[in-house]
Amino acid sequence: MNLTLGQKLIRTKTAERHHDDGDGSSGGLQRSLGLFPLTMIGVGATIGTGIFFTMVEAVPKAGPAVVLSFLLAALTAGLTALCYAELAGRVPAAGSSYSFAYATVGEFAAFIVAACLLLEYGLAGSAVAIGWSDYLNNFLSNAFGWEIPAYLRSPMFVSDHHNVHFNPGNFNLPPVILIAMCCILLIRGTKESATTNAVMVLVKLAILIFFSVIALTGFDANNFTPFFNPDPDSGFVGMAGVTAAAGTVFFSFIGLDTIATAGEETNNPRRNVPIGILAALLIVTVFYLLVAVAAMGAQPSHMFAGQEAGLSVILQNVTGQAWPALVLSAGAVVSVFSVTLVTIYGQTRILYAISRDGLIPKTFQKVNKRTLAPVSNTIIVCLVVGAVAGLVDATFLWDMVSMGTLTAFIVVSIAVPVIRAKQGPGEPGNFRVPFGPYVVPGLSVLACLYIMKDLSPATFRVFFIWMGVAVATYFLYSVRHSRLNKAQ
(Lines give C-alpha, C1' and ligand atoms only; values in the text may rest on other atoms or scores of the structure.)
Protein backbone atom coordinates (compact mmCIF):
# COMPACT_ATOMS: atom_id res chain seq x y z
CA MET A 1 0.00 0.00 0.00
CA ASN A 2 1.42 3.38 -1.05
CA LEU A 3 1.18 5.94 1.74
CA THR A 4 1.21 9.69 1.44
CA LEU A 5 3.92 11.63 3.26
CA GLY A 6 1.39 12.68 5.89
CA GLN A 7 0.37 9.07 6.50
CA LYS A 8 4.01 8.03 6.85
CA LEU A 9 4.58 10.68 9.52
CA ILE A 10 1.83 9.31 11.77
CA ARG A 11 2.16 5.56 11.08
CA THR A 12 2.56 3.57 14.29
CA LYS A 13 3.88 0.22 15.47
CA THR A 14 1.73 -2.03 17.59
CA ALA A 15 3.09 -3.14 20.94
CA GLU A 16 3.48 -6.71 19.69
CA ARG A 17 5.61 -5.75 16.72
CA HIS A 18 8.27 -4.24 18.95
CA HIS A 19 9.34 -7.82 19.71
CA ASP A 20 9.16 -9.21 16.20
CA ASP A 21 11.20 -6.71 14.22
CA GLY A 22 14.64 -7.09 12.79
CA ASP A 23 15.95 -9.09 9.92
CA GLY A 24 17.06 -11.97 12.07
CA SER A 25 20.65 -11.64 11.01
CA SER A 26 22.09 -10.28 14.18
CA GLY A 27 20.09 -11.91 16.96
CA GLY A 28 18.30 -9.98 19.66
CA LEU A 29 18.56 -8.82 23.23
CA GLN A 30 18.17 -11.41 26.00
CA ARG A 31 15.78 -11.25 28.96
CA SER A 32 18.14 -11.52 31.93
CA LEU A 33 17.13 -8.76 34.39
CA GLY A 34 14.99 -9.32 37.48
CA LEU A 35 13.27 -6.67 39.62
CA PHE A 36 16.20 -5.93 41.96
CA PRO A 37 18.91 -5.33 39.33
CA LEU A 38 16.37 -3.40 37.25
CA THR A 39 15.58 -1.08 40.18
CA MET A 40 19.30 -0.70 40.84
CA ILE A 41 19.79 0.39 37.22
CA GLY A 42 17.32 3.21 37.89
CA VAL A 43 18.91 4.17 41.20
CA GLY A 44 22.38 3.92 39.66
CA ALA A 45 21.44 6.35 36.89
CA THR A 46 20.11 8.96 39.29
CA ILE A 47 21.54 9.04 42.80
CA GLY A 48 24.98 10.54 42.65
CA THR A 49 24.50 12.76 39.65
CA GLY A 50 22.29 15.42 41.22
CA ILE A 51 23.78 15.25 44.69
CA PHE A 52 27.49 14.95 43.93
CA PHE A 53 27.62 17.60 41.20
CA THR A 54 24.63 19.83 40.67
CA MET A 55 24.52 21.30 44.19
CA VAL A 56 27.40 23.47 43.00
CA GLU A 57 25.29 24.69 40.06
CA ALA A 58 21.88 24.77 41.76
CA VAL A 59 22.54 26.30 45.21
CA PRO A 60 23.84 29.64 43.83
CA LYS A 61 20.49 29.96 42.00
CA ALA A 62 18.07 28.91 44.73
CA GLY A 63 19.98 29.29 47.98
CA PRO A 64 18.77 27.01 50.80
CA ALA A 65 15.47 26.74 48.90
CA VAL A 66 17.30 24.24 46.66
CA VAL A 67 15.51 21.68 48.85
CA LEU A 68 12.28 22.87 47.19
CA SER A 69 13.98 22.53 43.80
CA PHE A 70 14.59 18.86 44.45
CA LEU A 71 10.99 18.46 45.62
CA LEU A 72 9.68 20.19 42.47
CA ALA A 73 11.87 18.03 40.25
CA ALA A 74 10.80 14.91 42.17
CA LEU A 75 7.10 15.82 41.87
CA THR A 76 7.45 16.33 38.13
CA ALA A 77 9.41 13.12 37.75
CA GLY A 78 6.84 11.31 39.89
CA LEU A 79 3.93 12.39 37.69
CA THR A 80 5.85 11.28 34.63
CA ALA A 81 6.93 8.06 36.37
CA LEU A 82 3.30 7.04 36.65
CA CYS A 83 2.93 7.57 32.90
CA TYR A 84 6.11 5.58 32.23
CA ALA A 85 4.86 2.78 34.46
CA GLU A 86 1.66 2.32 32.45
CA LEU A 87 3.36 2.61 29.06
CA ALA A 88 6.18 0.25 30.07
CA GLY A 89 3.58 -2.39 30.90
CA ARG A 90 1.85 -1.93 27.55
CA VAL A 91 5.00 -1.62 25.38
CA PRO A 92 7.77 -3.57 27.18
CA ALA A 93 10.45 -2.90 24.55
CA ALA A 94 13.93 -1.40 24.26
CA GLY A 95 13.93 2.29 23.42
CA SER A 96 11.83 3.66 26.27
CA SER A 97 9.85 6.78 25.36
CA TYR A 98 10.90 6.40 21.72
CA SER A 99 9.11 3.05 21.56
CA PHE A 100 6.13 4.47 23.47
CA ALA A 101 5.83 7.35 21.00
CA TYR A 102 6.13 5.00 18.02
CA ALA A 103 3.24 2.91 19.34
CA THR A 104 1.01 5.94 19.98
CA VAL A 105 1.66 9.28 18.27
CA GLY A 106 3.52 8.09 15.18
CA GLU A 107 6.88 7.65 13.50
CA PHE A 108 7.90 11.30 13.05
CA ALA A 109 7.12 12.23 16.66
CA ALA A 110 8.97 9.09 17.79
CA PHE A 111 12.05 10.13 15.84
CA ILE A 112 11.97 13.59 17.44
CA VAL A 113 11.69 11.94 20.86
CA ALA A 114 14.65 9.75 19.92
CA ALA A 115 16.68 12.87 19.12
CA CYS A 116 15.78 14.26 22.56
CA LEU A 117 16.85 11.01 24.20
CA LEU A 118 20.17 10.99 22.35
CA LEU A 119 20.78 14.55 23.54
CA GLU A 120 19.72 13.59 27.07
CA TYR A 121 21.80 10.42 27.46
CA GLY A 122 24.83 11.45 25.44
CA LEU A 123 25.38 14.77 27.22
CA ALA A 124 24.49 13.27 30.60
CA GLY A 125 27.17 10.62 30.16
CA SER A 126 29.72 13.31 29.29
CA ALA A 127 28.68 15.69 32.09
CA VAL A 128 28.72 13.03 34.78
CA ALA A 129 32.11 11.73 33.66
CA ILE A 130 33.48 15.28 33.82
CA GLY A 131 32.33 15.63 37.43
CA TRP A 132 34.01 12.30 38.26
CA SER A 133 37.35 13.95 37.52
CA ASP A 134 36.98 16.37 40.49
CA TYR A 135 36.28 13.61 43.01
CA LEU A 136 39.07 11.43 41.64
CA ASN A 137 41.50 14.31 42.03
CA ASN A 138 40.22 14.97 45.57
CA PHE A 139 40.70 11.30 46.46
CA LEU A 140 44.24 11.20 45.06
CA SER A 141 45.11 14.40 46.91
CA ASN A 142 43.82 13.16 50.28
CA ALA A 143 45.14 9.59 49.89
CA PHE A 144 48.55 10.15 48.29
CA GLY A 145 49.19 13.90 48.36
CA TRP A 146 49.30 13.96 44.56
CA GLU A 147 47.02 15.82 42.17
CA ILE A 148 46.35 15.30 38.48
CA PRO A 149 48.10 18.07 36.52
CA ALA A 150 45.67 20.89 35.74
CA TYR A 151 46.15 20.63 31.98
CA LEU A 152 45.10 16.94 32.12
CA ARG A 153 41.84 17.63 34.02
CA SER A 154 40.77 20.84 32.28
CA PRO A 155 38.67 21.06 29.09
CA MET A 156 39.83 22.66 25.89
CA PHE A 157 36.53 24.52 25.37
CA VAL A 158 35.02 26.43 28.31
CA SER A 159 31.63 28.19 28.23
CA ASP A 160 30.55 31.01 30.55
CA HIS A 161 26.99 31.02 29.11
CA HIS A 162 27.91 34.01 26.92
CA ASN A 163 31.15 33.07 25.16
CA VAL A 164 33.21 29.97 24.47
CA HIS A 165 36.89 30.17 25.40
CA PHE A 166 39.52 28.03 23.68
CA ASN A 167 42.39 26.68 25.80
CA PRO A 168 44.82 24.78 23.55
CA GLY A 169 46.89 22.16 25.33
CA ASN A 170 44.19 21.24 27.83
CA PHE A 171 42.47 17.86 27.81
CA ASN A 172 40.29 16.32 30.52
CA LEU A 173 41.76 12.81 30.62
CA PRO A 174 40.06 11.17 33.67
CA PRO A 175 36.50 11.17 32.22
CA VAL A 176 37.81 9.60 29.01
CA ILE A 177 39.41 6.81 31.05
CA LEU A 178 36.13 6.32 32.93
CA ILE A 179 34.13 6.04 29.71
CA ALA A 180 36.64 3.56 28.29
CA MET A 181 36.18 1.35 31.39
CA CYS A 182 32.41 1.55 31.00
CA CYS A 183 32.75 0.58 27.35
CA ILE A 184 34.78 -2.54 28.22
CA LEU A 185 32.23 -3.62 30.81
CA LEU A 186 29.19 -2.99 28.59
CA ILE A 187 30.50 -5.00 25.65
CA ARG A 188 30.91 -8.00 27.97
CA GLY A 189 27.12 -8.26 28.32
CA THR A 190 24.05 -6.86 30.08
CA LYS A 191 23.85 -9.30 32.99
CA GLU A 192 27.47 -8.74 34.01
CA SER A 193 27.05 -4.96 33.73
CA ALA A 194 23.84 -5.00 35.80
CA THR A 195 25.43 -7.08 38.57
CA THR A 196 28.43 -4.76 38.78
CA ASN A 197 26.11 -1.76 38.81
CA ALA A 198 23.99 -3.19 41.67
CA VAL A 199 27.10 -3.63 43.84
CA MET A 200 28.24 -0.06 43.09
CA VAL A 201 24.78 1.32 43.88
CA LEU A 202 24.76 -0.31 47.31
CA VAL A 203 28.19 1.21 47.99
CA LYS A 204 26.82 4.57 46.86
CA LEU A 205 23.84 4.46 49.22
CA ALA A 206 26.10 3.55 52.13
CA ILE A 207 28.41 6.47 51.33
CA LEU A 208 25.52 8.96 51.20
CA ILE A 209 24.22 7.73 54.56
CA PHE A 210 27.78 8.15 55.89
CA PHE A 211 27.85 11.74 54.56
CA SER A 212 24.45 12.63 56.02
CA VAL A 213 25.26 11.31 59.50
CA ILE A 214 28.53 13.25 59.72
CA ALA A 215 27.23 16.43 58.03
CA LEU A 216 24.26 16.57 60.41
CA THR A 217 26.69 16.82 63.36
CA GLY A 218 27.59 20.26 62.01
CA PHE A 219 24.00 21.26 61.28
CA ASP A 220 23.27 24.98 61.74
CA ALA A 221 19.69 26.17 61.19
CA ASN A 222 21.01 29.68 60.48
CA ASN A 223 22.30 28.38 57.14
CA PHE A 224 18.67 28.22 55.98
CA THR A 225 18.16 31.97 56.53
CA PRO A 226 17.28 33.69 54.25
CA PHE A 227 15.59 30.65 52.69
CA PHE A 228 15.18 32.04 49.16
CA ASN A 229 17.93 33.66 47.10
CA PRO A 230 17.76 37.39 47.98
CA ASP A 231 20.39 38.64 45.48
CA PRO A 232 18.68 40.68 42.71
CA ASP A 233 21.90 40.76 40.67
CA SER A 234 21.81 36.98 40.27
CA GLY A 235 18.53 37.10 38.34
CA PHE A 236 17.17 34.24 40.48
CA VAL A 237 15.31 35.93 43.33
CA GLY A 238 12.67 33.92 45.22
CA MET A 239 10.77 31.21 43.37
CA ALA A 240 12.51 32.13 40.09
CA GLY A 241 15.67 30.69 41.64
CA VAL A 242 13.83 27.58 42.80
CA THR A 243 12.47 26.77 39.34
CA ALA A 244 15.78 27.61 37.63
CA ALA A 245 17.61 25.28 40.02
CA ALA A 246 14.92 22.62 39.48
CA GLY A 247 15.73 22.75 35.76
CA THR A 248 19.40 22.26 36.55
CA VAL A 249 18.90 19.26 38.84
CA PHE A 250 16.07 17.71 36.87
CA PHE A 251 18.39 15.73 34.58
CA SER A 252 19.35 13.61 37.58
CA PHE A 253 15.96 11.89 37.38
CA ILE A 254 16.67 10.31 34.00
CA GLY A 255 17.21 7.00 35.80
CA LEU A 256 13.47 6.43 35.52
CA ASP A 257 13.81 6.59 31.77
CA THR A 258 16.79 4.24 31.90
CA ILE A 259 14.64 1.53 33.52
CA ALA A 260 12.21 1.80 30.63
CA THR A 261 15.06 1.38 28.11
CA ALA A 262 15.69 -2.08 29.61
CA GLY A 263 12.14 -3.35 29.01
CA GLU A 264 13.21 -5.82 26.36
CA GLU A 265 15.89 -7.35 28.59
CA THR A 266 13.68 -7.69 31.68
CA ASN A 267 11.97 -10.81 32.98
CA ASN A 268 8.20 -10.30 33.28
CA PRO A 269 8.49 -6.67 32.09
CA ARG A 270 4.77 -5.86 32.42
CA ARG A 271 5.13 -6.35 36.17
CA ASN A 272 8.76 -5.55 36.92
CA VAL A 273 9.28 -2.38 34.88
CA PRO A 274 6.42 -0.38 36.49
CA ILE A 275 7.42 -1.56 39.99
CA GLY A 276 11.09 -0.81 39.28
CA ILE A 277 10.30 2.72 38.10
CA LEU A 278 8.22 3.61 41.15
CA ALA A 279 10.62 1.94 43.61
CA ALA A 280 13.61 3.78 42.12
CA LEU A 281 11.75 7.12 42.29
CA LEU A 282 11.00 6.60 46.00
CA ILE A 283 14.59 5.64 46.85
CA VAL A 284 16.05 8.52 44.84
CA THR A 285 13.77 11.18 46.31
CA VAL A 286 14.42 10.14 49.93
CA PHE A 287 18.20 10.17 49.48
CA TYR A 288 18.26 13.45 47.52
CA LEU A 289 16.31 15.27 50.22
CA LEU A 290 18.33 13.73 53.06
CA VAL A 291 21.68 14.73 51.57
CA ALA A 292 20.49 18.18 50.41
CA VAL A 293 19.22 19.09 53.89
CA ALA A 294 22.40 17.78 55.55
CA ALA A 295 24.64 19.66 53.09
CA MET A 296 22.75 22.96 53.40
CA GLY A 297 22.75 22.67 57.19
CA ALA A 298 26.50 22.11 57.31
CA GLN A 299 27.59 24.88 54.95
CA PRO A 300 26.33 28.41 54.08
CA SER A 301 24.87 28.61 50.59
CA HIS A 302 27.41 31.16 49.32
CA MET A 303 30.21 28.61 49.72
CA PHE A 304 28.76 26.19 47.14
CA ALA A 305 29.54 28.34 44.09
CA GLY A 306 32.51 26.97 42.16
CA GLN A 307 33.30 24.37 44.84
CA GLU A 308 35.08 21.27 43.53
CA ALA A 309 34.14 17.90 45.09
CA GLY A 310 31.71 19.83 47.30
CA LEU A 311 30.46 17.05 49.58
CA SER A 312 34.00 15.96 50.40
CA VAL A 313 34.94 19.54 51.28
CA ILE A 314 31.89 19.82 53.55
CA LEU A 315 32.95 16.75 55.55
CA GLN A 316 36.50 18.03 55.83
CA ASN A 317 35.26 21.38 57.14
CA VAL A 318 32.78 19.81 59.59
CA THR A 319 35.25 17.33 61.12
CA GLY A 320 38.53 19.17 60.60
CA GLN A 321 39.98 15.87 59.39
CA ALA A 322 40.82 14.46 55.98
CA TRP A 323 39.68 10.85 56.41
CA PRO A 324 35.90 11.47 56.04
CA ALA A 325 36.55 13.40 52.83
CA LEU A 326 38.79 10.56 51.66
CA VAL A 327 36.02 7.99 52.27
CA LEU A 328 33.43 10.14 50.50
CA SER A 329 35.68 10.83 47.52
CA ALA A 330 36.36 7.11 47.16
CA GLY A 331 32.62 6.42 47.31
CA ALA A 332 31.94 9.14 44.75
CA VAL A 333 34.47 7.62 42.37
CA VAL A 334 32.58 4.33 42.57
CA SER A 335 29.15 5.99 42.50
CA VAL A 336 29.75 8.07 39.42
CA PHE A 337 31.14 5.03 37.63
CA SER A 338 27.69 3.43 38.01
CA VAL A 339 25.89 6.57 36.78
CA THR A 340 28.08 6.78 33.70
CA LEU A 341 27.70 3.05 33.06
CA VAL A 342 23.90 3.01 33.02
CA THR A 343 23.66 6.29 31.11
CA ILE A 344 25.77 4.91 28.27
CA TYR A 345 23.78 1.65 28.50
CA GLY A 346 20.55 3.60 27.99
CA GLN A 347 21.98 5.45 25.00
CA THR A 348 23.01 2.24 23.25
CA ARG A 349 19.59 0.60 23.77
CA ILE A 350 17.80 3.60 22.32
CA LEU A 351 20.04 3.53 19.25
CA TYR A 352 19.45 -0.23 18.99
CA ALA A 353 15.68 0.31 18.89
CA ILE A 354 15.89 3.13 16.32
CA SER A 355 18.21 1.10 14.10
CA ARG A 356 15.97 -1.97 14.29
CA ASP A 357 13.16 0.18 12.93
CA GLY A 358 15.34 1.20 9.98
CA LEU A 359 15.47 4.89 10.91
CA ILE A 360 19.26 4.89 11.31
CA PRO A 361 21.91 2.53 9.82
CA LYS A 362 21.93 -1.20 10.73
CA THR A 363 25.31 -0.95 12.49
CA PHE A 364 23.56 0.08 15.70
CA GLN A 365 21.39 -3.07 15.88
CA LYS A 366 24.08 -5.69 15.39
CA VAL A 367 24.37 -7.87 18.49
CA ASN A 368 27.40 -10.00 19.30
CA LYS A 369 26.37 -13.68 19.25
CA ARG A 370 28.49 -14.57 22.28
CA THR A 371 27.85 -11.63 24.66
CA LEU A 372 24.43 -10.65 23.24
CA ALA A 373 25.54 -7.00 23.50
CA PRO A 374 25.45 -4.40 20.67
CA VAL A 375 29.24 -4.05 20.51
CA SER A 376 29.66 -1.66 17.53
CA ASN A 377 26.87 0.50 18.87
CA THR A 378 28.53 0.70 22.30
CA ILE A 379 31.96 1.57 20.89
CA ILE A 380 30.56 4.38 18.71
CA VAL A 381 28.60 5.85 21.64
CA CYS A 382 31.62 5.74 23.94
CA LEU A 383 33.85 7.43 21.36
CA VAL A 384 31.43 10.33 20.98
CA VAL A 385 30.65 10.66 24.70
CA GLY A 386 34.35 10.45 25.52
CA ALA A 387 35.28 13.16 23.00
CA VAL A 388 32.71 15.56 24.47
CA ALA A 389 33.83 14.77 28.03
CA GLY A 390 37.48 15.30 27.21
CA LEU A 391 37.09 18.58 25.34
CA VAL A 392 34.07 20.46 26.76
CA ASP A 393 33.28 21.72 30.26
CA ALA A 394 30.13 20.64 32.09
CA THR A 395 28.67 24.11 32.75
CA PHE A 396 26.46 24.14 29.69
CA LEU A 397 25.70 20.43 29.54
CA TRP A 398 23.42 20.20 32.61
CA ASP A 399 20.64 22.40 31.20
CA MET A 400 20.82 20.74 27.78
CA VAL A 401 20.28 17.35 29.40
CA SER A 402 17.27 18.72 31.30
CA MET A 403 15.80 20.13 28.08
CA GLY A 404 16.01 16.76 26.33
CA THR A 405 14.59 14.97 29.36
CA LEU A 406 11.66 17.35 29.81
CA THR A 407 10.71 17.17 26.14
CA ALA A 408 10.75 13.37 26.20
CA PHE A 409 8.70 13.38 29.41
CA ILE A 410 6.05 15.61 27.80
CA VAL A 411 5.64 13.21 24.88
CA VAL A 412 5.40 10.22 27.25
CA SER A 413 2.64 11.99 29.19
CA ILE A 414 0.70 12.74 26.01
CA ALA A 415 1.07 9.11 24.93
CA VAL A 416 -0.97 7.78 27.88
CA PRO A 417 -4.43 8.98 26.80
CA VAL A 418 -3.59 8.10 23.18
CA ILE A 419 -2.69 4.47 23.96
CA ARG A 420 -5.70 4.15 26.29
CA ALA A 421 -7.94 5.21 23.39
CA LYS A 422 -6.26 2.70 21.05
CA GLN A 423 -5.92 -0.31 23.38
CA GLY A 424 -8.65 0.25 25.94
CA PRO A 425 -8.07 -0.15 29.69
CA GLY A 426 -5.50 -2.90 29.21
CA GLU A 427 -5.17 -6.37 30.68
CA PRO A 428 -6.31 -6.97 34.28
CA GLY A 429 -3.42 -6.57 36.71
CA ASN A 430 -1.43 -4.18 34.53
CA PHE A 431 -0.55 -0.84 36.12
CA ARG A 432 -2.75 2.09 35.08
CA VAL A 433 -2.30 5.80 35.82
CA PRO A 434 -4.77 6.74 38.60
CA PHE A 435 -7.63 9.24 38.17
CA GLY A 436 -8.16 8.40 34.50
CA PRO A 437 -6.01 9.03 31.42
CA TYR A 438 -5.98 12.83 31.55
CA VAL A 439 -5.42 14.20 35.08
CA VAL A 440 -1.94 12.88 35.90
CA PRO A 441 -0.57 13.16 32.31
CA GLY A 442 -1.94 16.70 32.08
CA LEU A 443 -0.32 17.71 35.37
CA SER A 444 2.93 16.08 34.19
CA VAL A 445 2.96 18.18 31.01
CA LEU A 446 2.27 21.39 32.94
CA ALA A 447 5.00 20.62 35.49
CA CYS A 448 7.54 19.95 32.73
CA LEU A 449 6.66 23.21 30.96
CA TYR A 450 6.89 25.09 34.27
CA ILE A 451 10.45 23.90 34.83
CA MET A 452 11.41 24.30 31.18
CA LYS A 453 10.49 28.00 31.05
CA ASP A 454 13.42 28.99 33.28
CA LEU A 455 16.14 27.28 31.25
CA SER A 456 18.57 29.69 29.60
CA PRO A 457 17.99 31.21 26.13
CA ALA A 458 21.24 29.60 24.96
CA THR A 459 19.82 26.20 25.91
CA PHE A 460 16.74 26.80 23.77
CA ARG A 461 18.86 27.96 20.81
CA VAL A 462 21.09 24.89 20.82
CA PHE A 463 18.08 22.64 21.35
CA PHE A 464 16.27 24.04 18.30
CA ILE A 465 19.43 23.65 16.20
CA TRP A 466 19.60 20.00 17.27
CA MET A 467 15.92 19.56 16.43
CA GLY A 468 16.60 21.02 12.99
CA VAL A 469 19.33 18.42 12.43
CA ALA A 470 16.94 15.67 13.56
CA VAL A 471 14.15 16.81 11.20
CA ALA A 472 16.58 16.97 8.26
CA THR A 473 17.87 13.47 9.06
CA TYR A 474 14.35 12.07 9.19
CA PHE A 475 13.29 13.46 5.80
CA LEU A 476 16.61 12.76 4.04
CA TYR A 477 17.13 9.20 5.35
CA SER A 478 14.73 7.78 7.90
CA VAL A 479 11.37 8.16 6.18
CA ARG A 480 12.65 6.17 3.16
CA HIS A 481 14.47 3.45 5.12
CA SER A 482 11.80 2.84 7.76
CA ARG A 483 11.09 -0.85 8.24
CA LEU A 484 7.39 -0.07 8.11
CA ASN A 485 7.83 0.67 4.40
CA LYS A 486 8.28 -3.05 3.86
CA ALA A 487 5.19 -3.92 5.87
CA GLN A 488 2.78 -1.40 4.39
Show me, pair by pair, the donor-acceptor contacts under 3.5 angstrom made by side chains of residues 66-76, not counting sequence neighbours?
{"residue": "Ser69", "atom": "OG", "partner": "Val242", "partner atom": "O", "Å": "2.8"}
{"residue": "Thr76", "atom": "OG1", "partner": "Leu72", "partner atom": "O", "Å": "3.0"}

Let me have the donor-acceptor pairs involving side chains of residues 110-119, under 3.5 Å, with sequence neighbours excluded, atom names and distances please.
none

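With sequence neighbours left out, Asn172 forms a side-chain hydrogen bond (donor to acceptor under 3.5 Å, both in side chains) with Ser133. For Tyr450, there are no ring-ring contact (aromatic ring centres under 6.0 Å, His included) partners two or more places apart in sequence or in a different chain. Listed by chain and residue number, Cys83, Ser413, Val416, Pro417, Val433 satisfy the side chain to side chain contact (heavy atoms under 4.5 Å, CB included) test with Pro441 (two or more places apart in sequence, or in another chain). Every residue meeting the side chain to side chain contact (heavy atoms under 4.5 Å, CB included) condition with Ile380, not counting sequence neighbours, appears here in chain and number order: Thr363, Phe364.
The side-chain heavy atoms of Thr407 and Met467, taken from C-beta on, include no pair separated by under 4.5 Å. Between Tyr352 and Thr378 there is no side-chain heavy-atom pair separated by less than 4.5 Å. Between His481 and Pro361 the shortest side-chain heavy-atom distance does not fall below 4.5 Å. In this structure the side chain of Leu359 reaches within 4.5 angstrom of the side chain of Glu107, judged on heavy atoms. Side-chain contact check for Ile354 versus Tyr98: some heavy-atom pair is nearer than 4.5 Å. Using a 4.5 Å heavy-atom threshold, the side chains of Val43 and Phe287 count as separate. Looking at Gln347 and Asn377, their side chains never come closer than 4.5 Å, going by heavy atoms from C-beta outward.
In Tyr477, the OH atom is crowded: over 12 heavy atoms of neighbouring residues, nucleotides or ligands sit closer than 6.0 Å.
Interatomic distance, Ile451 CD1 to Leu446 CG, rounded to the nearest 0.5 Å: 11.5 Å. One distance of note links CG of Leu79 with OH of Tyr84; it measures 13.5 Å at 0.5 Å rounding.
Under the 3.5 Å distance criterion, the side-chain polar atoms of Thr39 are matched with a main-chain donor or acceptor of Leu35. For the pair Ser126 (side chain) and Val385 (backbone), a donor-acceptor distance under 3.5 Å is present. Although no hydrogens or angles enter the test, the distance criterion places no donor-acceptor pair under 3.5 Å between the side chain of Ser355 and the main chain of Leu351.
Residue Ser482 comes nearest to Arg11 through the heavy atom pair CB-NH2, 3.2 Å, listed as atom of the first residue, atom of the second, then distance. Taking each heavy atom of Ala124 and Val401 in turn, the nearest pair found is N-CG2, 3.4 Å. The shortest heavy-atom contact between Leu87 and Ala415 is CD1-CB, 3.9 Å.
Relative orientation of the Phe460 and Phe464 rings is tilted, given thresholds of 30° and 60° on the angle between their planes.
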